[in-house]
Each structure stands twice: as structure tokens, then as C-alpha cells.
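To keep things clear, I will list the structure first and then write my remarks on it.
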Amino acid sequence: MMGTGEAFLFWVCGTLMVLGALGLVFSKRAVYAALSMALTMIVLGIVYIAQGAEFLGLVHIFVYTGAVMMLFLFVVMLVGVDSSESMVDTLKGHKWVSLIVGIGLAALLISSIAAASFGPAPPISQMNAEGNVTGLAYLIYGRYMWLFQMTAMLLIVAAIAAMVLGHRERLLPKPTQKEWSERRVRENRFVAGLPAPGVYARHNAVDTPALLPDGKPSELSVSRVLAARQQIQLPDDYTAADDEITREIEEGSQR
């Protein structure tokens with residue numbers, strides 16, 4: 001039986017967790033997805049603490065929200081937002097094998113859940129009779145030890161897969177700064193280098209395009225990563241500023 005306060009806390013936390021999960025699924029930017037997942041994990045840790053599992057709730061907040069989120073962001077930066085993926089099927093028949101294995105795993109999961117039976121749960125005071133940490137240690141390193149080890153192995157495989165995806169074999173040696181300069185001069189393209197972001201603009205942020213002599217923003221001055229994430233200031237944002245500058249110049253010339 002849940003009291004009024006516990007039921008109120010559950011519905012508030014449950015709503016926040018659902019919103020965080022929806023933000024994780026529908027967010028177009030990886031950073032927003034990571035923040036949504038962090039919100040879900042923090043609120044879930046609060047629910048654990050409210051249910052009497054203090055150690056599990058605190059570890060869930062510190063470990064998953066801190067370490068796992070940092071690992072997630074590290075993988076995003078490692079792989080990149082514009083990484084290309086080959087669509088050529090090099091392994092013949094692996095799609096059908098994957099489909100059969102997926103159907104088999106789904107059938108096994110459904111049958112296992114259907115055959116499971118849950119008896120009445122003991123009271124929290126009985127479960128925490130020897131301490132919350134001690135009881136949790138008995139479950140993790142005793143009854144569910146193999147499941148815990150398999151989960152750790154899965155995380156290691158995921159980290160190795162991220163490093164493999166982020167690794168690129170270089171076919172040619174990396175050009176030096178002198179070779180880049182000679183190439184620009186030879187092609188007569190960007191001889192003086194690309195314009196830096198924020199040049200002649202109202203502020204020098206990296207997402208602010210440089211302004212050309214005629215007042216138009218230069219798309220070459222911002223990083224292509226920011227352009228792919230749609231995190232740059234659009235040229236339309238500078239229309240009002242250009243009109244204001246033009247008006248000030250005309251008023252100064254009339255004076």
C-alpha cells in the first residue's frame with residue numbers, strides 16, 4: 001500500500017521520466033538526447049531512494065548520470081555527427097540470419113515473461129535487515145553474478161565498438177602545414193586561409209559567421225560540424241544588424 005505522499009512522488013517522477021525518455025527518442029541533437037537521458041536516470045534514482053534502496057539510488061545517480069553520460073558524450077565526439085557509413089552489403093545473408101535470431105530472442109523473452117510468477121514481496125524492513133548495501137551485494141555477487149558480469153561484458157564490447165567506428169585508416173601521410181600552404185597557393189584558393197568566426201561581427205563566438213566587406217555573413221568561417229548540427233547563426237539574423245549599420249553610416253555621411 002502506498003501513502004498519499006509516496007503516490008504523489010511516484011506520479012511526478014513518473015511524468016518526468018516519461019518526458020525524459022521521449023526527449024531521448026525524439027531529440028535531433030545528441031547533447032539534448034544525453035541531457036534527457038540524464039534527467040531520466042536522476043529521477044529514477046530518486047524513486048529508488050524513496051523505495052528504501054538508498055545505496056542503489058545514489059549509485060544510479062553518481063555512476064550512471066555521471067560516468068555513463070560522460071562516456072556517451074565521449075563516444076559522440078569520437079564518432080562524430082557527420083561520419084559516413086557504407087551502405088554496401090559485404091556479408092551476404094546476414095540480414096536474414098539477424099532477423100531469425102531477433103525473432104527467436106523475442107519469442108524466448110516473451111515465453112520467459114509469460115512463465116514468470118511473482119509472489120508477494122517481503123517488507124522493506126525485512127529486505128534491509130542486514131543493511132541495504134549488504135543485501136544488494138549478496139544479490140549482485142551471489143544470485144545474479146553471471147548477469148552482472150554479462151552486463152559488464154556488454155559495456156566493454158560497446159566501448160570497443162565505438163573506438164572501432166571512430167578509427168579511420170589513413171591511406172596517405174598527413175600533409176604538413178607547409179604542404180597545405182603550397183597547395184592553397186598552387187590552386188589559388190583560400191591563399192590567406194579561411195576567415196575566422198566572429199570577424200567584424202557583433203561578437204566573436206565560434207557559431208557566429210564572419211562578415212564580408214559588404215556585410216554579408218561568410219558560411220566558410222564556421223565549422224562544418226556546427227553546420228551539420230544546425231548550431232550556427234543564420235544569415236537572416238544579421239539582416240537587422242546590417243540595416244542598422246547602413247543607416248548609421250548614411251547618417252554619419254549626411255552630417
Side-chain angles (χ1 to χ4, degrees), residues 2 6 9-11 13-25 27 30 33-76 78-79 91 94-166:
M2 288 193 304
E6 188 176 357
L9 177 64
F10 173 77
W11 285 108
C13 294
T15 303
L16 293 177
M17 285 189 289
V18 171
L19 293 177
L22 293 176
L24 170 64
V25 174
S27 294
L35 293 177
S36 300
M37 185 182 294
L39 173 64
T40 304
M41 291 183 176
I42 291 175
V43 177
L44 184 58
I46 296 175
V47 174
Y48 283 145
I49 295 175
Q51 293 296 322
E54 296 85 3
F55 178 78
L56 184 59
L58 293 176
V59 169
H60 192 88
I61 293 175
F62 284 104
V63 175
Y64 282 92
T65 308
V68 176
M69 282 298 99
M70 292 301 103
L71 178 61
F72 179 79
L73 294 177
F74 174 73
V75 171
V76 170
L78 185 66
V79 177
L91 298 177
H94 81 283
K95 293 183 179 180
W96 294 105
V97 175
S98 302
L99 180 61
I100 294 174
V101 173
I103 294 175
L105 291 176
L108 179 62
L109 180 62
I110 294 174
S111 61
S112 300
I113 295 176
S117 60
F118 300 94
I124 298 179
S125 58
Q126 180 181 349
M127 292 187 292
N128 293 336
E130 299 181 1
N132 183 255
V133 178
T134 304
L136 185 63
Y138 281 145
L139 293 176
I140 292 179
Y141 298 105
R143 183 176 180 181
Y144 300 107
M145 178 179 178
W146 288 109
L147 294 177
F148 185 76
Q149 296 298 327
M150 292 298 294
T151 304
M153 185 181 300
L154 180 62
L155 293 176
I156 295 175
V157 172
I160 296 176
M163 290 187 288
V164 171
L165 290 175

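The analysis underlying the following values was restricted to heavy atoms, covering all of them including side chains, and did not include hydrogens, waters or symmetry mates.
- Considering Leu22, Val47, Ile42 as possible partners of Met17, the one that fulfils the side chain to side chain contact (heavy atoms under 4.5 Å, CB included) test is Val47.
- Of the inter-residue distances, the one linking Leu39 atom CG with Leu24 atom CG reads 11.0 Å to the nearest 0.5 angstrom.
- Heavy atoms only, all atoms of each residue included: Met41 and His60 are closest at O-CD2, 3.0 Å.
- Note: Thr151 OG1 to Met153 CE = 10.0 Å, rounded to the nearest 0.5 Å.
- Summarising the geometry, atom CZ belonging to Phe10 is positioned 9.0 Å from atom OG1 belonging to Thr15; distances are rounded to the nearest 0.5 Å.
- A distance of 10.0 Å separates CG in Leu108 from CD1 in Ile113, rounded to the nearest 0.5 Å.
- Each of Ile100, Val101, Leu105, Leu99 was checked for a side chain to side chain contact (heavy atoms under 4.5 Å, CB included) with Ile103, and the lone residue meeting it is Leu99.
- Across every non-hydrogen atom of Gly20 and Ser36, the tightest pair is O-CB, 3.2 Å.
- Atom CD1 of Ile49 sits about 10.5 Å away from atom CG of Leu9, to the nearest 0.5 Å.
- Atoms CD1 and CG, on Ile140 and Leu147 in that order, are 11.0 Å from each other to the nearest 0.5 Å.
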